[in-house]
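The chains referred to below are lettered A, B, ... by the order of the sequence lines, with proteins before strands, and numbering in each begins at 1. Excluded from the calculations below are hydrogen atoms, water molecules and symmetry mates; all remaining heavy atoms, backbone and side chain alike, are included.
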Protein chains: 2
Amino acid sequence: MSKEGIYVSEAVIRRLPKYYRYLDDLEKVGIERVSSKELSRRMGLTASQIRQDFNCFGGFGQQGYGYNVSELKKELIKILGLDKRYNLIVIGAGNMGQALANYVAFEKEGFYIRALFDINPKLIGMTIRDIKIYDLDYLEEYIKMNPTDIAVITTPRQEAQAIADRLVTSGIKGIWNFAAVDIEVPQDVVVENAHISDSLFTLSFKTREDIKLI
Amino acid sequence: MSKEGIYVSEAVIRRLPKYYRYLDDLEKVGIERVSSKELSRRMGLTASQIRQDFNCFGGFGQQGYGYNVSELKKELIKILGLDKRYNLIVIGAGNMGQALANYVAFEKEGFYIRALFDINPKLIGMTIRDIKIYDLDYLEEYIKMNPTDIAVITTPRQEAQAIADRLVTSGIKGIWNFAAVDIEVPQDVVVENAHISDSLFTLSFKTREDIKLI
DNA sequence: TAGATTGTTAATCGATTAACAATC
DNA sequence: TAGATTGTTAATCGATTAACAATC
């Protein structure tokens, strides 16, 4: 962990939440230690890969013993940034926006949805679990007054880029994008796509009987 | 396209829906032809990769011309299996299940949600856009009487594996899994995960300032 | 101590990129 | 025809896997 930063490939990043889930499960059933071999058996990865992945962030294991489950889980929490609290806003209070606002489990991990925004007059003023739905016009002013870490875009795809531009101008550095479109942002802004229709199309592709996966 | 099947890597598969989206956009703004170079500029891929990807499925282009947008889009529809209709059922009529049932756009691509299932007596009997919520006990009988292509799991994670087992026993071959857990199924059943909490954790990781992405 | 398992280096494998002949 | 761009082969790059010395 040099001071100049840790370099991590996308492939490793995608596996990190999965490690966290498995470690959490192991801890819940009371397992105290786990070897990379045992973890590889459970997760369907190779032991080599698991050790390589963890070693991006430092050596958390002990020769002859393996990894302490609780300790490793704690490390993963730190690595993923789940030891912090995040203020979220959701742009678009339709089906997906409301579903996210209703989903309480994110709070357990430190992600708090503080406000929703929409242009629909029928929605504006409503609350979901005490979370207010504001007029989209109020977006910039809201952000100015309320420090916000992550903005979630659940608008129709046509609106997504314009919203992203406004978010970027307002200083938002993390965008979780549910709109089925790739949005362009400056280098210092992180976009994570949750393209669920892409996921569905992938499934329909994989159910083709003439397709063999490599 | 040999009769023994097409072999496609996961990396290629993940790009297919993205190609489809971009081709759809190009068609919508009236662009008739596109070269791999132009498409690479728009999509942020290399032209080489685009040509390689398409050539998994056959040569759709023409030297000196490029690709005909509408034709290529049609090919992608066929490749992704979006020229067919799919009957879907959703297990779990909570936030996410209801949001999916309310999301009409999937129907335009051939995905029809036909029924929801839940154990909550307050939900059973309700309808969402004319889609009935059934008692989960009725799952097997429903599938027996109604040919179903894809089952969507939006239950709490603890229930997901048991549900998957029942779906597999009932002959379901495609599962779209929103539960934050990896489910085990026989080889001939396809699971596509929509692990949105993993996606959020990835975002929180990427917003760490000491992290450099490779 | 002996056995187990890590951290890490080296080897392999697969995916991406480059190059170019074929051809529209 | 000349220019453009594909389809495809070869070169490169990066990720995964294997191997093993270090050590608990």
Side-chain angles (χ1 to χ4, degrees), chain A residues 1-2 6-16 18-19 22-23 26 31-76 79 202 211-214, chain B residues 1-2 6-16 18-19 22-23 26 31-76 79 202 211-214:
Chain A
M1 282 219 207
S2 82
I6 311 164
Y7 288 78
V8 191
S9 72
E10 188 71 23
V12 173
I13 296 174
R14 294 283 152 209
R15 284 191 290 270
L16 294 175
K18 185 168 170 170
Y19 288 126
Y22 277 80
L23 268 297
L26 286 172
I31 292 173
E32 268 175 38
R33 70 187 180 103
V34 69
S35 66
S36 57
K37 194 181 166 192
E38 167 64 6
L39 200 53
S40 77
R41 196 188 57 72
R42 289 174 183 259
M43 295 184 66
L45 306 172
T46 65
S48 234
Q49 184 166 62
I50 291 172
R51 294 201 299 277
Q52 289 273 25
D53 284 355
F54 291 162
N55 274 87
C56 293
F57 305 98
F60 306 131
Q62 199 167 59
Q63 282 103 325
Y65 173 86
Y67 300 88
N68 179 289
V69 170
S70 297
E71 233 173 72
L72 186 54
K73 186 193 151 187
K74 262 181 219 139
E75 289 295 342
L76 276 159
I79 289 167
T202 301
I211 292 293
K212 312 262 183 291
L213 309 181
I214 289 172
Chain B
M1 282 218 208
S2 82
I6 310 164
Y7 289 78
V8 191
S9 73
E10 189 73 22
V12 174
I13 295 174
R14 293 284 152 208
R15 285 190 292 270
L16 294 175
K18 186 168 169 171
Y19 287 127
Y22 276 81
L23 268 298
L26 287 172
I31 292 173
E32 267 175 39
R33 72 187 180 103
V34 70
S35 67
S36 57
K37 194 180 166 193
E38 167 64 7
L39 201 53
S40 77
R41 195 188 57 73
R42 289 173 182 260
M43 295 183 66
L45 307 172
T46 65
S48 235
Q49 184 167 61
I50 291 173
R51 294 202 298 278
Q52 289 273 25
D53 283 355
F54 291 161
N55 273 88
C56 292
F57 305 98
F60 306 130
Q62 200 167 59
Q63 282 103 326
Y65 174 86
Y67 300 87
N68 178 291
V69 171
S70 299
E71 231 172 73
L72 186 54
K73 186 192 150 189
K74 263 181 218 140
E75 289 294 342
L76 276 159
I79 289 167
T202 302
I211 292 294
K212 312 263 183 292
L213 308 181
I214 290 174

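Every residue two or more places apart in sequence or in another chain that forms a side chain to side chain contact (heavy atoms under 4.5 Å, CB included) with A:Asn68 is listed here: A:Tyr65, A:Ser70, A:Glu71. For A:Ile31, the side chain to side chain contact (heavy atoms under 4.5 Å, CB included) test picks out A:Leu26, A:Val29, A:Arg42, A:Val69, with sequence neighbours left out. The side chain to side chain donor-acceptor pair (under 3.5 Å) check on A:Arg14 picks up A:Glu10, A:Glu192, with sequence neighbours excluded. Looking at residues two or more places apart in sequence or on another chain, you find a side chain to side chain donor-acceptor pair (under 3.5 Å) between B:Lys73 and B:Asp24, B:Glu27. Listed by chain and residue number, B:Phe54 satisfy the ring pair (Phe, Tyr, Trp, His ring centres under 6.0 Å) test with B:Tyr67 (two or more places apart in sequence, or in another chain).
Against DNA chain C, the stretch residues 40-52 of chain A makes heavy-atom approaches under 4.0 Å through A:Arg51, A:Gln52. Scanning residues 64-73 of chain A for heavy-atom distances under 4.0 Å to DNA chain C yields A:Gly64, A:Tyr65, A:Gly66, A:Tyr67.
Chain B approaches DNA chain C within less than 4.0 angstrom (heavy atoms of the protein), and the contacting nucleotides run 5' to 3' from C:dA15 to C:dC24.
Note that CD1 of B:Ile79 is 7.5 Å distant from CG of B:Leu72, once rounded to the nearest 0.5 Å. Atom CZ of residue B:Phe60 and atom CD of residue B:Glu75 lie 4.0 Å apart, to the nearest 0.5 angstrom.
The minimum heavy-atom distance linking B:Leu39 with B:Val34 is given by the pair N-CG2, 3.9 Å.
Across all strands, B:Arg15 comes closer than 4.0 Å only to sugar-phosphate atoms, never to a base (heavy-atom distances).
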Fill in the blank from the handout: Each base of DNA chain D marked ( ) or [ ] if paired in-strand (Watson-Crick or G-U under 3.5 Å), | if paired to another strand and . if unpaired gives ..||||||||||||||||||||||
Please output the side-chain donor-acceptor pairs of residues 45-53 of chain A that fall under 3.5 Å, not counting sequence neighbours, one pair per line with the distance.
| residue | atom | partner | partner atom | Å |
| --- | --- | --- | --- | --- |
| A:Thr46 | OG1 | A:Gln49 | N | 3.1 |
| A:Arg51 | NH1 | A:Ser36 | OG | 2.9 |
| A:Asp53 | OD1 | A:Arg15 | NH2 | 3.1 |
| A:Asp53 | OD2 | A:Arg15 | NE | 2.6 |
| A:Asp53 | OD2 | A:Arg15 | NH2 | 3.4 |
| A:Asp53 | OD2 | A:Tyr19 | OH | 2.6 |

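Applying the salt bridge (charged side-chain N to carboxylate O under 4.0 Å, His left out) test to every pair with at least one member in residues 56-70 of chain B, sequence neighbours left out, gives no pairs at all.
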